[in-house]
Amino acid sequence: MREVRVHSTLAGKLVPLEPRVPPRISLFVCGITPYKPSHIGHARTMVFFDVVARFLSHLGYHVFYLQNVTDVEDKILRQATEEGVDPKLVSERNFADYLGEMNALGVRSVNLYARCSDYIPEIIAQIETLIAKGHAYASEGDVYYSVGTFPTYGRLSGQRTEELQPGARVEINPKKRAPEDFALWKSERMGPTWESPWGKGRPGWHIEDTAITVNVLGPSYDIHGGASELKFPHHEAEIAQAEAATGQSPLARIWMHTGLLNMHGEKMSKSLGNVLPTGEALRIARPDVLRFYFMSAHYRAPLEFTGPASFEEAERAYQTLEGTYQRLREAAARLAPSAPADRGAEATPSWLDQVRHVEKTRVPDLAHDRGDQVTEAMVASLCNDFSIREATASLFAWSSEVNSRLAAEGDRLTFEEVVALMGPFRFAENVLGLFSHLGGTGNDTTLSKLVEMALEARTRARARKDYAEADRIRDELHAAGIQVEDSGGKVRWTVRP
RNA sequence: GCCGAGGUGGCAGAACGGCUAAUGCGGCAGACUGCAGAUCUGCUUCCCGGGGGUUCAACUCCCUCCCUCGGCUCCA
């Protein structure tokens, strides 16, 4: 298996990915707190880790991707109180919306979404272990982690507890022995509560993640992902909890942190109120375009959102790639040997089955085949700390090459040659998750018969130089959402996105 | 104050100790076209935050300063 180099926050540099039990890779990513609709900052992180999981699978790893859902949290309760509804309703509604958005964006690699509320016994057990081992103490119905008992606390973020400013953003809590201690259990009477050895209450913020990962993935797993704002204190607390409770280190072999999505120079944050909810973004931009937009920058760098213009720019760039791929698909559909009529929208078109068949049997030729070389370059980019932007740069160059070849020798290409030309696009489809909403190749549907009829009339009009009539037909098709293009003596039409 | 991530052309953003500093968007011109669109080709001179240093050679390594963003126990 080829070597993947990943930036590890703990090491502060690129390190080779060396799974505990190859070829298995366990991946945990901090999920959302569904108290409000999620925003495109979350979506950026989730799309990125979806590519990570897809790519590692592509390389032959067996990836298990776990994400938690913080469905027990004070903000959910506050939101529910405001709306006068049950907190469960708030979290389930927002989580369902989130899943719908992730689905639209093509995020499909998560194997398990684990709800905090399903792990309360595990959480309580982990807290009891921490108390028994002297790392935590009960205080008036609360339980706190005693940070001083964990010497390496702060290593991930480079923080030293004595340099922190207690009370910088959160009020100082008199129940704590030391200001840096954090809550494992909070006594509560309002809202959803659970019985515990310390009385009725709710888990603290950090404990659910380690209770879930230790139980699902074990005391040590391969990759922990999350946005960089979570580095401190959240991830620091996770390490302290899990490693103290299990006695095993490291909790995660590689910590990956994604850069934030900035809204006009400021981070997008639900609490700041300057958010663009993913659902709203999906009404402005097509899902594929939104996904493509997130790939504009390297995952660790901040990404600047400058308003809808950002999406428009991505839309135009994406159309270039999409257009080329669609031309290739049309060529493949036309050239597929013994291609019967399209079996309709539900079935896999037979030409696509045949493309897959050829892909399975052909041997990549890195010495001579340009498409194979480009795919290889894309793989190499992703192996180098998931440099997606570099991979798409290769794809743009390839797009030009393909268009030139299609123009020069489109009619002489064989099916196998077209499949080879598709290679880098197929890679982008499978690994980057692009092109998942491409339309059909326009054969044999009712729509295509009607469009063909109109275009025949237009061709006749053009032949007798009745351009007024020809343009009228084109304009009417355009108004109906059909894009007509004349090139090389042929007429091509597509359904506009 | 402390910790972290950044500062590259009109905009978004890459990379590498050494080749014209990717790629995309935008702009300009040409080819193709009845026109439009798509596509292709070329151009878009002055872009590496400031100042030192190391080196034959620095955007890249080191030091220092400035600026932006994030975190300092609510946040993807």
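Order of the sequence lines fixes the chain letters, A, B, ..., with proteins taken first and strands second; residue numbering starts at 1 for each chain.
- When the P atom is compared between B:A58 and B:G17, the two are found 14 Å apart, to the nearest whole Å.
- Remark: the A:Gln126 side chain and the A:Thr210 side chain contain an N/O donor-acceptor pair separated by less than 3.5 Å.
- When the P atom is compared between B:A76 and B:U68, the two are found 26 Å apart, to the nearest whole Å.
- B:A14 atom P lies 15 Å from atom CG of A:Leu382, rounded to whole Å.
- Heavy atoms of A:Asp471 sit under 4.0 angstrom from at least one base atom.
- The C1' atoms of B:C63 and B:G1 are separated by 22 Å, rounded to the nearest whole Å.
- You'll find that the side chain of A:Arg474 is closest to B:C35, out of B:A76, B:U73, B:C35.
- Using a 4.0 Å cut-off, no side-chain N or O of A:Thr9 falls inside it from OP1 or OP2 of B:G4.
- Atom-to-atom distance recorded for A:Ser187:OG and A:Asp142:CG is 4.5 Å, nearest 0.5 angstrom.
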**OP:** Starting from the C-alpha separation in whole Å, work towards a yes-or-no answer on side chain to side chain donor-acceptor pair (under 3.5 Å) for A:Thr70 and A:Glu208.
**Re:** CA-CA 8 Å; A:Thr70 309; A:Glu208 66 170 283; 3.1 Å; yes
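- Here the side chain of A:Lys231 is nearest to one of B:A76, B:G4, B:A12, namely B:G4.
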Restricting both atoms to N or O, compile the protein contacts to nucleotides 38-42 of chain B shorter than 3.5 Å, with distance only.
residue : atom : partner  : partner atom : Å
B:A38   : O2'  : A:Arg327 : NH1          : 3.2
B:U39   : O3'  : A:Asn403 : ND2          : 3.2
B:C40   : OP1  : A:Ser400 : OG           : 3.2
B:C40   : OP1  : A:Asn403 : ND2          : 3.4

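- Between A:Phe435 and A:Tyr318, the ring planes lie parallel to each other; the angle is under 30°, not in the 30° to 60° tilted range.
- With contacts defined as side-chain heavy-atom distances shorter than 4.5 Å, the pair A:Glu313/A:Thr306 does not qualify.
- Seen from the ring of A:Tyr325, A:Arg329 counts as a face-on cation partner, given the 6.0 Å and 45° thresholds.
- Counting any heavy atom pair closer than 4.0 Å across all strands shown, A:Ser296 reaches sugar-phosphate atoms only and no base atom.
- One can find a donor-acceptor pair under 3.5 Å joining the base of B:U73 and the side-chain atoms of A:Tyr153.
- Distances were taken from every side-chain heavy atom of A:Glu229 (C-beta onward) to each of B:G24, B:U23, B:A76; the shortest belongs to B:A76.
- The 5' end of RNA chain B is approached more closely, in terms of each residue's nearest nucleotide, by A:Ser394 than by the other of A:Ser394 and A:Tyr467.
- Note on A:Gly158: only backbone sugar-phosphate atoms sit closer than 4.0 angstrom, heavy atoms only; bases stay farther off.
- Using a 4.0 Å heavy-atom cutoff across all strands shown, A:His257 reaches no nucleic acid atom at all.
- Within 4.0 Å (heavy atoms only), A:Gly154 reaches no atom of the nucleic acid at all.
- The distance from atom CD of A:Glu304 to atom C1' of B:U68 is 9 Å, rounded to the nearest whole Å.
- To the nearest 0.5 Å, the span separating CE on A:Met190 from CG on A:Asp74 amounts to 11.0 Å.
- Atom NE2 in A:His298 sits about 20 Å away from atom P in B:A22, given to the nearest Å.
- Of the candidates B:C25, B:U73, B:G6, B:G6 carries the atom nearest the A:Arg300 side chain, counting heavy atoms from C-beta on.
- Comparing atom distances between the A:Lys75 side chain and each of B:C74, B:A76, B:U73 picks out B:C74 as nearest.
- Contact annotation for A:Arg389: base contact, defined as any heavy-atom pair under 4.0 Å involving a base atom.
- A distance of about 15 Å separates the P atoms of B:G50 and B:C66, rounded to the whole Å.
- To the nearest whole angstrom, the two P atoms, one in B:G9 and one in B:A21, are 15 Å apart.
- Taking atom CZ of A:Arg458 as the reference point, atom C1' of B:C35 lies 10 Å away to the nearest angstrom.
- When each of B:A76, B:G34, B:A12 is scored by its nearest atom to the side-chain atoms of A:Glu313, the top-ranked nucleotide is B:A12.
- One C1' atom belongs to B:U23, the other to B:U44, and the distance between them is 15 Å to the nearest Å.
- Residue A:Leu395 is classed as having no contact, given no heavy-atom separation below 4.0 Å to the nucleic acid.
- If you check every strand for non-hydrogen atoms under 4.0 Å, A:Arg472 touches nothing.
- Between the side chains of A:Asp209 and A:His224, no donor-acceptor pair is found at a separation under 3.5 Å.
- Atom CG of A:Leu261 and atom P of B:G13 are 10 Å apart (whole Å).
- We find that CG of A:Asn262 is positioned 14 Å from C1' of B:G71, with the value rounded to whole Å.
- At the heavy-atom level, A:Lys176 lies under 4.0 Å from the strands shown only through sugar-phosphate atoms.
- Each of A:Glu73 and A:Ala301 has a nearest nucleotide on RNA chain B; the 5'-most of these lies closest to A:Ala301.
- For the pair A:Glu312 CD and B:G10 P, the computed distance is 22 Å after rounding to whole Å.
- Within a 6.0 Å sphere centred on CZ of A:Arg189, heavy atoms belonging to other residues, nucleotides or ligands number 12 at most.
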**OP:** Could you provide the dot-bracket string of RNA chain B, using ( ) for intrastrand pairs, [ ] for crossing pairs and | for bases paired to another strand, with Watson-Crick or G-U pairs below 3.5 Å?
**Re:** (((((((..(((.....[....)))((((((.......))))))....(((((..]....))))))))))))....
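- Stacking here means ring centres nearer than 5.5 Å and ring planes tilted less than 30 degrees, and by that measure A:Phe232 does not stack onto B:G71.
- Atom CG in A:Asn384 sits about 19 Å away from atom P in B:A22, given to the nearest Å.
- With both ends at atom P, the span from B:A38 to B:A29 equals 16 Å, rounded to whole Å.
- Inspection of the A:Glu236 and A:Ser157 side chains reveals an N or O donor paired with an N or O acceptor under 3.5 Å.
- A gap of 26 Å separates the C1' atoms of B:U54 and B:C67, to the nearest Å.
- Aromatic ring centres of A:Phe294 and A:Phe48 lie farther apart than the 6.0 Å criterion allows.
- Side-chain contact check for A:Asn68 and A:Tyr119: no donor-acceptor pair (N or O, by modelled atom type) lies under 3.5 Å.
- Between A:Tyr153 and A:Phe182, the ring planes are parallel. Angles under 30° get that label, and only those over 60° would be called perpendicular.
- Using a 4.0 Å heavy-atom criterion, one finds that A:Val29 contacts no nucleic acid atom at all.
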